[in-house]
Amino acid sequence: MPVPSPSLPLASRLLRWTGAAWFVAAVVGQAAFIVFILAFYGLRTATGNFAGWNEKPLIDGYVAGDDLGNLVFIAHVLMAAVVTLGGLMQLWPALRRRLPRLHRWTGRAFLVVAVFMALSGAWLTLVRGTWLSEVSAVAILGDAVLILVFAALAWRRALQRRFEAHRVWAMRAFMAVRGVWFLRVGLMAWIILCRGPVGITETLSGPVDIVLVFGSYLIPLAVLELYLAAGRSPRIALKIAAAALVGLAALYTAVGVFGTVAFMWGPYL
Ligand code: HEM
């Protein structure tokens, strides 16, 4: 058995701290996302002001006469608040430890709603024809496929009582479900850091758009894998490298969260 070097616990702690820093930025940003969805879409829907959905820039949103399209759109959007909240509750370690029954129920609800989000999003893209460019449509459909695969595997591993594998697939599902949120955060952080929409076009098909539409789920998934591998590994260098990357991701996320609140959602509330 290798004797642990004195800096191994420090590297592990560094990794946990940066992971926690990212989680805090994500909690703040996703809470803001939920508030925006309820205050903007929830309020207009509850008061019957369906045309008001289009008071912010959308591709289609409300379309007069398209009852089914409008229904799927608003169900998708309101469920986005539920899946975002459910995902956050699932990842909260204290809640998982203290209220395991609640964890199981919110977990089932999260996976069911995640599947609904992927299917309704795919319907809006493919059947309603709501997309900005072929490349952005392919990218978001890729995210939908990953959500379906990860949710199915997380569910299966839980039924098989393989809880460690279940936890890992559930975290992957969480990351894939966050794809559309990461996209908004990623775009805003990029625009703020570059002081303008460098490489970004109105149809989401510029070079930076392409990196971000695929990267919005592939990059967080890759960082998650590195974080998990570094957590398991006894190699100090790997832990420190992963901690540095997660720390950078936390900073980038924090800048993007500020941008979404200040420029993307705040002005419409
Ligand atoms: C699973 C997590 C998802 C969340 C939390 C989410 C959230 C949202 C939100 C909040 C909107 C309203 C638009 C806005 O105000 O910016 C929206 C619209 C939309 N989403 Fe999703 N979405 C998710 C997944 C997907 C997927 C996987 C697809 C495609 C396969 C998709 C396709 C769409 C489309 C086409 C619209 C309509 C946009 C428009 O009419 O302008 N979504 N989504």
Side-chain angles (χ1 to χ4, degrees), residues 24-89 106 109-110 112-114 116-125 127-132 136-137 139-140 143-144 147 174 176-192 197 200 202-204 209 212-213 216-217 253-269:
V24 169
V27 169
V28 172
Q30 295 187 7
F33 192 38
I34 296 171
V35 168
F36 162 72
I37 292 171
L38 296 180
F40 184 83
Y41 290 106
L43 204 68
R44 282 164 179 74
T45 308
T47 54
N49 176 16
F50 307 140
W53 302 336
N54 294 357
E55 284 163 20
K56 77 177 277 292
L58 283 171
I59 312 170
D60 284 330
Y62 177 80
V63 178
D66 180 13
D67 293 347
L68 180 61
N70 293 333
L71 184 67
V72 177
F73 170 82
I74 199 58
H76 178 85
V77 173
L78 295 179
M79 281 296 154
V82 176
V83 86
T84 305
L85 182 67
L88 286 179
M89 286 172 70
T106 48
F110 171 78
V112 170
V113 181
F116 172 79
M117 292 305 292
L119 295 178
S120 56
W123 188 92
L124 287 168
T125 309
V127 182
R128 199 184 205 199
T130 306
W131 44 274
L132 284 170
S136 67
I140 191 138
D143 190 26
I147 292 171
F174 172 89
V177 165
R178 294 292 154 273
V180 297
W181 176 81
F182 281 127
L183 179 59
R184 289 158 171 83
V185 168
L187 282 168
M188 290 316 297
W190 181 260
I191 292 171
I192 290 174
I200 291 177
E202 295 215 328
T203 56
L204 270 187
D209 293 317
L212 287 178
V213 285
S216 61
Y217 52 98
T253 305
V255 173
V257 165
F258 166 76
T260 52
V261 172
F263 308 116
M264 197 179 253
W265 301 327
Y268 298 102
L269 294 186

Next on the checklist: Counting C-beta onward and ignoring hydrogens, is there a side-chain heavy-atom pair between Phe73 and Arg128 closer than 4.5 Å?
Outcome noted: yes
Checklist entry - Hey, are the side chains of Thr253 and Trp181 touching, using non-hydrogen atoms and a 4.5 Å cut-off? => result yes
Next on the checklist: If you define the side chain from C-beta out and look only at heavy atoms, does anything of Leu187 sit under 4.5 Å from Asp209?
Outcome noted: yes
Checklist entry - What distance separates Phe33 CZ from Arg178 CZ, expressed to the nearest 0.5 Å? => result 8.5 Å
Next on the checklist: Using 0.5 Å steps for rounding, measure from the CG atom of Leu124 to the CG atom of Leu119.
Outcome noted: 11.0 Å
Next on the checklist: In the structure I gave you, are the side-chain heavy atoms of Met188 and Trp265 within less than 4.5 Å of one another anywhere?
Outcome noted: no
Checklist entry - With distance as the sole test, does Tyr62 use its side chain to make a donor-acceptor pair with the main-chain N or O of Ile74 at under 3.5 Å? => result no
Next on the checklist: Are the side chains of Trp123 and Leu68 in contact, using a 4.5 Å heavy-atom criterion?
Outcome noted: yes
Checklist outcome for this item: In this structure, CZ of Arg184 is separated from CG of Leu212 (nearest 0.5 Å) by 13.0 Å
Item to check | Separation of Ile140 CD1 from Ile147 CD1 (nearest 0.5 Å) | outcome: 8.0 Å
Checklist entry - Please walk me through it: do Leu204 and Trp131 pass side chain to side chain contact (heavy atoms under 4.5 Å, CB included)? => result CA-CA 10 Å; Leu204 270 187; Trp131 44 274; over 6 Å; no
Next on the checklist: Are more than 12 heavy atoms, taken from residues, nucleotides or ligands other than Glu55, located less than 6.0 Å from that residue's CD atom?
Outcome noted: yes
Checklist entry - Are side-chain heavy atoms of Phe182 and Tyr217 found at a separation under 4.5 Å? => result no
Checklist entry - Do any N or O atoms from the side chain of Asn70 and from the backbone of Val63 form a donor-acceptor pair under 3.5 angstrom? => result yes
Next on the checklist: Once rounded to the nearest 0.5 Å, what's the spacing between atom CZ of Phe174 and atom CG of Leu88?
Outcome noted: 5.5 Å
Checklist entry - Parallel, tilted or perpendicular for Phe40 and Phe36, by the 30°/60° rule? => result parallel
